[in-house]
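One structure below.
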There are 2 protein chains.
Amino acid sequence: MPAAKTPRPCSIADTLALVGEKYSLLVLREVCLGNGRFDQLVRNIGAPRDILTTRLRRLVDAGILTKRAYSERPQRFEYRPTQAGLELEPVLMTLMEWGDRHLRTEDERPMVMEHVCGNELVPVVTCRACGDEVRHEDLTAHPQVPGWTVKGPTAA
Amino acid sequence: MPAAKTPRPCSIADTLALVGEKYSLLVLREVCLGNGRFDQLVRNIGAPRDILTTRLRRLVDAGILTKRAYSERPQRFEYRPTQAGLELEPVLMTLMEWGDRHLRTEDERPMVMEHVCGNELVPVVTCRACGDEVRHEDLTAHPQVPGWTVKGPTAA
DNA sequence: GGGGAGGGTTTGATTTTCCAACTCACGGAG
DNA sequence: CTCCGTGAGTTGGAAAATCAAACCCTCCCC
């Protein structure tokens, strides 16, 4: 009997199914920066226009962006993040921080984020309960779905 | 003269160039869980074997995973995260948290992470300097690259 | 010498991407 | 009025990536 054909049930996978396609998170980046217009997105992201069209549709369907007209006659549209979209911004910040640290030297960061506290933003992922920085060795995974352990599917 | 053809220089984009392809972050998830063997990855991720092969190669080249033999004769390999790979785990946790909150109800989370502090892990992205949770409205972007503003490229 | 694993390749059919060109609806300049 | 430019996409076809299934090779065990 062959093992289960279904992959591990996982919110990481489900989230990536919405925003994990090429360009999707860059669309969110631009929209969070306030650049919600089609041609701006094309220029700043460098994506083909048709791909951008499908990504935008998907993100709107997923409830991550909204499309609103900023002008009737002539009809002109703008994409803006929803609350759910804004709540993905920390993911972007965390990705940016990793890239700055691993792919660049200190003085060649392409963008610096300033926090309202007056300092340069360095995002840190912490545990809500204790406030400590999250580190791999402090984590233990507990699968909740019957049929799945950390190691994999049980008894097909 | 048409506007620049180059997209915005950005560490988010550069990081996604390494780990943004389909399955790559799921590979990292499994490897962080300790499931570094080829057939485990195939089963738990549900990716085609050939694609997995190319993803693994890319992640190793990027310095995010290493491939080590856990047995000579017969040769058997295992992929493990490097330090850089482990430092991407917070990104995964943040994605998981978003998915749990937006795509699920409280009682159907597929996986719960336990923090060493004894509590269930709820990852929060905070500012290193002030410790406050990062929220969109507290951020200001400062592009560092000549030719680029928040809005886009300047003077082609 | 047959039957598994484990760790991949190969093959061929389907999907996606990509890029350039095209459309349509206006608004303004001449 | 005609031409030009802008915004927001569509369309068409070639090139690349994905997919599923089958295949291969090396061992180990009986």
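Everything numeric here is computed off the predicted structure, so don't read it as measured data.
Remark: B:Lys22 is not in phosphate contact with C:dT16, judged by side-chain N or O atoms under 4.0 Å from OP1 or OP2. Side-chain nitrogen and oxygen atoms of A:Tyr23 include none within less than 4.0 Å of the OP1 or OP2 phosphate oxygen of C:dT16. Contact annotation: B:Lys67 reaches the phosphate of C:dG8 (side-chain N/O to OP1 or OP2, under 4.0 Å).
The CZ atom of B:Arg73 sits 13 Å away from the P atom of D:dC29 (whole-angstrom rounding). Straight-line distance from the CD atom of B:Glu78 to the C1' atom of C:dA5: 16 Å, rounded to whole Å. A:Arg68 places its CZ atom 14 Å from the P atom of D:dA8, with the value rounded to the nearest Å. Rounded to an integer number of Å, the gap from B:Glu21 CD to D:dA16 C1' is 12 Å. D:dG9 atom C1' lies 16 Å from atom CD of A:Gln40, rounded to whole Å. Summarising the geometry, the separation between CD on A:Gln75 and C1' on D:dT6 is reported as 15 Å, rounded to the nearest angstrom. Regarding A:Asp50, its CG atom lies at a distance of 17 Å from the P atom of D:dA8, rounded to whole Å. Rounded to an integer number of Å, the gap from B:Leu41 CG to C:dG7 C1' is 11 Å.
Once rounded to the nearest 0.5 Å, the distance linking CZ of A:Arg57 with CG of A:Leu59 reads 12.0 Å. Residue A:Arg55 holds its CZ atom at 10.5 Å from CG of A:Leu26, rounded to the nearest 0.5 Å. The CG atom of B:Leu88 lies 7.5 Å from the OG1 atom of B:Thr15; values are rounded to the nearest 0.5 Å.
Residues of residues 25-39 of chain A having a heavy atom closer than 4.0 Å to DNA chain D, listed by number: A:Arg37, A:Phe38, A:Asp39.
Checked against C:dG7, D:dG9, C:dT10, the side chain of A:Thr53 finds its nearest nucleotide in D:dG9. Comparing D:dT10, C:dG8, C:dC18 against the side chain of A:Pro48 picks out C:dC18 as the nearest. Each of D:dG9, D:dT11, C:dT11 was ranked by its minimum atom distance to the side chain of A:Tyr79; first place goes to D:dG9. Of the candidates D:dG9, C:dC18, D:dT18, D:dT18 carries the atom nearest the B:Ile51 side chain, counting heavy atoms from C-beta on.
Between A:Arg8 and B:Glu30 there is a salt bridge, since a side-chain N of the basic residue sits under 4.0 Å from a carboxylate O of the acidic one. In this structure, A:Glu87 pairs ionically with B:Arg101, as a charged nitrogen and a carboxylate oxygen lie closer than 4.0 Å.
Base contact: A:Arg49 has a heavy atom under 4.0 Å from a base atom.
Residues B:Val150 and A:Val31 share a single hydrophobic cluster, defined by chaining ILVMFWY side chains whose heavy atoms lie under 4.5 Å apart.
Contact of B:Arg76 with C:dG7 (side chain to base): no donor-acceptor pair of N or O atoms is detected under 3.5 Å.
The environment of CZ in A:Arg135 is sparse: at most 12 heavy-atom neighbours from other residues, nucleotides or ligands sit within 6.0 Å.
Nearest-nucleotide positions on DNA chain C place B:Leu56 closer to the 5' end than the other of B:Leu56 and A:Ala47. Taking for each of A:Arg55 and A:Pro74 the nucleotide of DNA chain C with the nearest heavy atom, the 5'-most of the two is the partner of A:Arg55.
Formation of a donor-acceptor pair under 3.5 Å by the A:Asn44 side chain with backbone atoms of B:Lys151 is found in this model.
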